[in-house]
Amino acid sequence: MYVYLYIPLLILIVFSFNGGRMATIWEGFSLRWYAEVMQSDQFRAATVNSLVVASCAAFLATTLATLAALGFRGRPIRGQGMMVPFLSFPLVIPEIVTAVATLIFFISIGVPLGMVGLIAAHTVFCIPFAFITIKARMDVMDDTLEQAANDLYADPRRTFFSVTLPLLWPAILAGFILAFIVSLDDFVISLFLAGPSSTTLPIYMFGMMRLGVTPAVNAVSTILLVMSVLFVLIAAWINRMQRK
Amino acid sequence: MGFLEVEAVSHQYAGTDAQVLNEVSLTIQENEFFTLLGPSGCGKTTMLRILAGFEVPSRGRVTLDGQDILRIPPWRRPVNTVFQSYALFPHLTILRNVTFGLKMRGVAKADRHGAARRALDLVRLDGFADRMPSDLSGGQQQRVALARALACQPRLLLLDEPLSALDYKLRKEMQGELKRIQRETGTSFVFVTHDQEEALAMSDRIAVMRQGTLEQVGNPSDIYDRPSSDFVAEFIGDSNLLNAAPDSQGRLCLPGGRALGIRGDAPARVMIRPEALRIAPDGNLSGQVTDLVYSGAATRFLVALDGGEETVQIQQTSTEAAGISMGDKVCLAYDPQQLWVVAP
């Protein structure tokens, strides 16, 4: 099972250090492809774009998801049973459909293709990921802790900031990281909505592939992979610190 | 005028018909250990939540020291709660848990640390200030919850089945501790429990509740020796309830015709506690031993009385009980003053 899962990734990483021109024939260890990629202005621009889009989208999505999850906590409102599934429904809509729909919507209301539209679209599909993570935590949170805070002279506002938020914090962070990674590696929606100045890393890679598969593609892939793993590790580490 | 007055409080939860509390009135004195006792679903926890401010009753009035407190939100009431689940803040150290209430009230740091140290001393947990709640055992967490509530020096401390999660030995120990702390701090305690033994051991007064109403309010010996209803007699300890009717001379007799030794003018339910009956050759009642359970210091017997369907429980010290076995014919003696006519 693990072999099946990780062998292709392993091969990809190994060949990113290949010295030759071919992506499949090993010709000795070299960092030349990394050097080549790093020197490319296009690569650097795409990396910056990806990080900006992912940070903004993850921040907006996590904020909205937190507010939504908190909203579902108070008094039950009518139709709440339907509302929670509807918030996670976008997860199962085929991405290409969302992409086409968003493109048509943006054109019809006059949003230009570019960073702003891209961030807005990424925020939308990141919300369910953040929401599910935060809602899961909130569902198991003991509300007697908030009652205890009320009982100990904390008004609702101070209860929120001194008890609710600190207890929810790990889930908010996890939701943020998840949203960030989902945004970072999104391809379909980005391809439809990115303008010439807002190419993201996955689109840049796709462009490279059309010119022939060189180990440069492996190098970019490895960089993207390392970025994702790094964020997961940071999240896990912060979570551990919180527990202590 | 009592310290805490609960006047005709009724409550039903929104959207339900069930009356959780029905016209409950109570008076609690300053420095009193008061227990709300009853089976689950009797409304005792709802009453506590009303006193804490988490629930506003449908009808009725609650005053503390003459002041109507129902309009005061929980974060302004001079009342603190020890929760059944302890509800310690898992992300804060013990010290910050205990100082939480004082911090919210704006007490200066040095003062609240002093108060926290005193509260932790009181519950014998000095030296734990820098630990996290998850490092502590259940019994220790319980003490922290108590210290946290007491650090605020509430006028009234509410305790919601605080001992129910502890094992038997620790529970016994904490009963004594709670009583000591209540005496030392001079705070009024309102203690909720379904454990009658706990209630009898600790309380100054007990209110027995059933289905949202008060069955009886009194001190432990009132409740135990002079229950006002079958329900109280059976809920508190073991009891024998016998049907009796007056004969032509006004003596209460069992259906078989045996006079009990007290007078009455109407059919009545007569209670006698198992420990008030003893096996003696000159006893007034006679019967046959149908069951016997040895439990160390004491032995319990079931005795089917002659001439009727009544079976009574009796309890004897195990030395007294030596030599009696199943099927033996025995006579039972009692002091007629130990009989109690439960309100007809």
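Within every chain, numbering begins at 1; the chains are lettered A, B, ... in the order of the sequence lines, protein sequences first and strands thereafter.
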Does [atom1] belonging to [X] count more than 12 external heavy atoms closer than 6.0 Å?
X: B/Arg117; atom1: CZ; result: no
X: A/Phe59; atom1: CZ; result: no
X: B/Lys103; atom1: NZ; result: no
X: B/Asp130; atom1: CG; result: no
X: B/Tyr13; atom1: OH; result: yes
X: B/Gln153; atom1: CD; result: no
X: B/Arg76; atom1: CZ; result: no

Distance from [X] atom [atom1] to [Y] atom [atom2], nearest 0.5 Å?
X: A/Asp151; Y: B/Phe54; atom1: CG; atom2: CZ; result: 4.5 Å
X: A/Tyr153; Y: B/Leu102; atom1: OH; atom2: CG; result: 8.5 Å
X: B/His91; Y: A/Ser162; atom1: NE2; atom2: OG; result: 6.5 Å

Go through the atoms of [X] and report whether side chain, backbone, both or neither lie under 4.5 Å from a heavy atom of chain A.
X: B/Arg77; value: backbone
X: B/Arg49; value: side chain
X: B/Leu92; value: neither
X: B/Val79; value: backbone
X: B/Ser85; value: side chain

Portion of A/Thr159 that has a non-hydrogen atom of chain B nearer than 4.5 angstrom: neither
How close do B/Pro90 and A/Leu167 get, counting heavy atoms only, and between which atoms? CG-CD2, 3.6 Å
Heavy-atom nearest pair, A/Val163 first then B/Phe100, reads CG2-CZ, 4.0 Å
Is there side-chain contact between A/Leu152 and B/Trp75, with heavy atoms separated by less than 4.5 Å? no
